[in-house]
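One structure is given here, and the rest of the page talks about it.
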Amino acid sequence: MNLLATLRERFRTALTALTDDEATVGELAEMVLPSQDAKFGDYQANCAMPLGKRLGKPPREIAQALIEQLDVAEFCEPPEIAGPGFINLRLRDEWLAAALAAAATDAERGGVAPVDAPRTYVLDYSSPNVAKPMHVGHIRSTVIGDALDKVLAFLGHRVISDNHIGDWGTQFGMIIYGYKHFVDQEAIKKSPVAELGRLYRYVNRLVDYHATKNTTIPALQEKIAKAQTAIDERRHATMPFDAKEAKKEEKKLRQAEGALADLHNELLGLRAKLAEVEGDAALAEAAAAHADVGKAVLAETAALHAGDATNRELWERFLPACLAEMQATYDRLNVTFDHALGESFYEDKLAGVVEDLKQKGLATESDGAQCVFLDGFDAPFIVQKQDGAFLYATTDLATIAYRMETWQPDAILYVVDHRQSFHFDQLFATARKWGYDDVELQHISFGTVLGEDGRPYKTRTGSAVGLAGLLDEAVERAYAIAEKSDVLTTDEERRTVAKRIGIGAIKYADLSHNRTSDYKFSYDKMLAMTGNTAAYMQYSYARVRGIFGKGDVDVAALRSGGARIELAEPAERALAVALVQFSEALHRVAADYRPNYLTDYLFDVASKYASFFENCPVLKAPNDEVRTSRLLLCDLTARTIARGLELLGIEVVDRM
RNA sequence: GCGCCCGUAGCUUAGCUGGAUAGAGCAGCGGACUUCUAAUCCGCAGGUCGGAGGUUCGAAUCCUCCCGGGCGUACCA
């Protein structure tokens, strides 16, 4: 059961006797929270202070009146009033023991009740581009999305995961162009994906070269000139008399100079990139021979979209190999999707979307493009370009329409990095105007994965770090941990353990950070045996299993034995309270779509277990009753950790 | 210019809808292995929560301004 929700329910009833304002009652009942400090009990209600204010009575008096109305005797000791009017609740040990005993026999759900009102969620996450290998940027979307998927589903919601793959864009034009001009037939027979990847990178480099040379650098130079002029003007302007204003001016000048220096650096970097291509004879020759590669790639893409037989055939031939490559990564991560309806799936629906928007008067022509102008936005939402091509805005709208018609979801969640928030603001605003105003549309945004230097995590050469290599390294480093183990006997076992620790480390590191903030990627930290890491969680689990092995415990018999749980020691009780709050942790995750609430909870359980482990001998307990009771606590701890990790997509190991 | 986000201990970070003395881990110092995995545990020290005002019984959390940083901003995704 969800104890917190139940307590709030009881407070709601009690509050109704004191005030008849329903909104107030609901708000005040929400002020029942788990206590931050054990000395204030297990839960606390903070509603007497604001209610006292509202009613013009002393809060302690209100608290007293509230307690008299409150019916929580089955869960709690008599409530206590403390400080200005806090109501402190301490759970009754008998209730705790009974709740845990019930959870112990509930193998399926571990005492977590499904929600009363299940919702339907469409979860959009991962969304890689085929043709480009998955890189570090895909970790967060994939891992957070997968965890939310599992948690929501476990709580009883209907969850439809849909991987919105980029399989129809310019990157395929690059591959097609590359295939037509540069393919190595031997290589593509031997390893199609590797060769397609090479072609993509090669063509991308050529396109990039010309774009840099013809567009980016001239534009940058112009920007530099403008910035220089602006600085000169500032320098020659008369300083304001007002000291504050003068300081402001100085600061602006400083900032402008800094920005100018950045631009110069950028220019140097771009020139170095050009020099690199020009210094490579073969590459330089290819670049010269394919001066129009940028336009040509767009033409290949346009031809594909227009139904050109050759390009279509190539697309159909290449796509399965690209998908298989992606699938290999998902297999390693143990991530699955219900659907993978990529951009191509919506191709034939895009014209209809624009037509409908036009007909409803939402889209209008501006500068030759079809735009939706939205209140509160400076820029319009462009759904069709001057040249007639559609954009991801169009695809995203078509996708919303399809999902609404197909699954009638209550919510569509997009697990996408924070830089796209503007796009989603526009997308959602447009969708609502378009008629989809009765669905929760949420951008589940997340921060950037940074390197040790605090800059976005890149390789030394500045390219994105490949996801496959990242997993390789984590597993390799985890193998060093497995090698140190005394309890692992075969190398096969060490490899399995290393795999679970390594993959788990990456996932857990990601999930344990607040998703909205950036975080620094560090193998050392994520693979540490202490602190809030997957390895520590897995170790905690393995230690419990170790006790069962050593004591030759029949777990099934233990669970069904109906034995009493006794909570005599403080460490036992603290662990028990933590265990009974599993359901609350999951609800918090679901409420804010934040998996780090679950990792925090699991770390709390593991910490409480460590203290229990130190203070309460299990196999050598003073008598059989205590031994059995503690074994039950161990079993529940192990199952809670295992279930929690499972919902985060992380596997446990019996020994490590 | 405008918009969004961030600033918490030396480092990496958590902090729920505003709650009581701001929590962790690393690093530092001091303890605990003939005892269920010491790959661990316990203790100590370390914070004017970027700064200044304000709202409130109560502010890291809400509002205003300032300082510092990131990201985005009409036809890429």
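Everything numeric here is computed off the predicted structure, so don't read it as measured data. Letters A, B, ... mirror the listed sequences (proteins, then strands); counts begin at 1.
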d([atom1], [X]; [atom2], [N]) in whole Å:
{"X": "A/Gln426", "N": "B/rC4", "atom1": "CD", "atom2": "P", "answer": "14 Å"}
{"X": "A/Ile547", "N": "B/rU37", "atom1": "CD1", "atom2": "P", "answer": "7 Å"}
{"X": "A/Ile382", "N": "B/rC76", "atom1": "CD1", "atom2": "C1'", "answer": "11 Å"}
{"X": "A/Met537", "N": "B/rA39", "atom1": "CE", "atom2": "C1'", "answer": "14 Å"}
{"X": "A/Gln386", "N": "B/rA74", "atom1": "CD", "atom2": "P", "answer": "14 Å"}
{"X": "A/Asp453", "N": "B/rU12", "atom1": "CG", "atom2": "P", "answer": "12 Å"}

For the base of [N], is there a side-chain donor-acceptor partner from [X] under 3.5 Å away?
{"X": "A/Ser366", "N": "B/rA74", "result": "yes"}
{"X": "A/Ser35", "N": "B/rA20", "result": "no"}
{"X": "A/Gln36", "N": "B/rA22", "result": "no"}
{"X": "A/Asn88", "N": "B/rA20", "result": "yes"}
{"X": "A/Arg8", "N": "B/rU17", "result": "yes"}

Next on the checklist: For the CD1 atom of A/Ile444 and the OG atom of A/Ser141, what is their distance to the nearest 0.5 Å?
Outcome noted: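 Reported value, rounded in 0.5 Å steps: 10.5 Å.
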In whole Å, what separates the [atom1] atom of [N] from that of [M]?
{"N": "B/rG23", "M": "B/rU61", "atom1": "C1'", "result": "15 Å"}
{"N": "B/rC2", "M": "B/rC65", "atom1": "P", "result": "11 Å"}
{"N": "B/rG70", "M": "B/rG28", "atom1": "C1'", "result": "32 Å"}
{"N": "B/rG25", "M": "B/rG69", "atom1": "P", "result": "33 Å"}
{"N": "B/rC4", "M": "B/rC62", "atom1": "P", "result": "14 Å"}
{"N": "B/rU13", "M": "B/rU56", "atom1": "C1'", "result": "29 Å"}
{"N": "B/rA59", "M": "B/rU48", "atom1": "C1'", "result": "15 Å"}
{"N": "B/rA9", "M": "B/rG15", "atom1": "P", "result": "15 Å"}

Item to check | Residue whose nearest RNA chain B nucleotide is more 5′ - A/Pro617 or A/Ser485 | outcome: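 Counting from the 5' end, the first nearest nucleotide belongs to A/Pro617.
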Next on the checklist: Both A/Tyr392 and A/Met49 contact RNA chain B. Taking the nearest nucleotide for each, which residue is further toward the 5' end?
Outcome noted: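 This one resolves to A/Met49.
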Could you list the protein-to-nucleotides 69-72 of chain B atom pairs, N/O on both sides, closer than 3.5 Å?
none

Pairwise N/O distances under 3.5 Å, protein to nucleotides 25-34 of chain B:
unit_1 : atom_1 : unit_2   : atom_2 : d
B/rC26 : OP1    : A/Thr530 : OG1    : 2.9

Next on the checklist: As a quick check of understanding, evaluate side-chain contact (heavy atoms from CB on, under 4.5 Å) for A/His587 and A/Tyr597, giving each step before the final call.
Outcome noted: CA-CA 9 Å; A/His587 279 98; A/Tyr597 292 151; over 6 Å; no
Item to check | Flag if over 12 foreign heavy atoms under 6.0 Å of CD, A/Glu483 | outcome: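 More than 12 within 6.0 Å, yes.
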Next on the checklist: Listing request: all side-chain hydrogen bond (donor to acceptor under 3.5 Å, both in side chains) pairs with a residue in residues 386-397 of chain A, at least two apart in sequence or in separate chains.
Outcome noted: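 For residues 386-397 of chain A, and leaving out neighbouring residues, the side-chain hydrogen bond (donor to acceptor under 3.5 Å, both in side chains) pairs sorted by first residue read A/Tyr392-A/His423, A/Asp396-A/His423.
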Checklist entry - Please, which pairs that meet side-chain hydrogen bond (donor to acceptor under 3.5 Å, both in side chains) have at least one residue in residues 41-50 of chain A, sequence neighbours excluded? => result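 Counting only pairs at least two positions apart or across chains, the side-chain hydrogen bond (donor to acceptor under 3.5 Å, both in side chains) contacts touching residues 41-50 of chain A are A/Asp42-A/Arg573, A/Tyr43-A/Gln581, A/Tyr43-A/Glu584, A/Gln44-A/Asn46.
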Checklist entry - When Watson-Crick pairs (N1 to N3 and N6-O4 or O6-N4) and G-U wobble pairs (N1-O2 and O6-N3) count only below 3.5 Å on both distances, what is the dot-bracket string of RNA chain B, with | for other-strand pairs? => result (((((((..((((.....[...)))).(((((.......))))).....(((((..]....))))))))))))....
Item to check | Pair A/Tyr346 and A/His164, ring centroids less than 6.0 Å apart | outcome: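 For A/Tyr346 and A/His164, the ring centres are under 6.0 Å apart.
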Next on the checklist: Working note: A/Asp417 + A/Arg140, criterion side-chain contact (heavy atoms from CB on, under 4.5 Å); need CA distance, chi angles, decisive distance, verdict.
Outcome noted: CA-CA 8 Å; A/Asp417 80 272; A/Arg140 301 208 80 179; over 6 Å; no
Counting any heavy atom closer than 4.0 Å, what does [X] reach on the DNA or RNA strands: base, sugar-phosphate only, or nothing?
{"X": "A/Cys47", "result": "nothing"}
{"X": "A/Tyr536", "result": "sugar-phosphate"}
{"X": "A/Tyr597", "result": "sugar-phosphate"}

Next on the checklist: Strictly below 4.0 Å: does A/Asn596 bring a side-chain N or O up to OP1 or OP2 of B/rG15?
Outcome noted: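 Checking A/Asn596 against B/rG15: at least one side-chain N or O falls below 4.0 Å of OP1 or OP2.
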Next on the checklist: Per the salt bridge (charged side-chain N to carboxylate O under 4.0 Å, His left out) rule, what does the pair list look like for residues 363-376 of chain A, sequence neighbours excluded?
Outcome noted: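 Output for this query is empty, none listed.
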Checklist entry - Stacking between A/Phe86 and the base of B/rG19 (centre distance under 5.5 Å, interplanar angle under 30°)? => result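 Whether judged by distance or by angle, A/Phe86 falls short somewhere, so it does not stack on the base of B/rG19.
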Item to check | Closest non-hydrogen atom pair between A/Asp518 and A/Leu450, with its separation | outcome: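 In this case the closest contact between A/Asp518 and A/Leu450 is CB-CD1, 3.7 Å.
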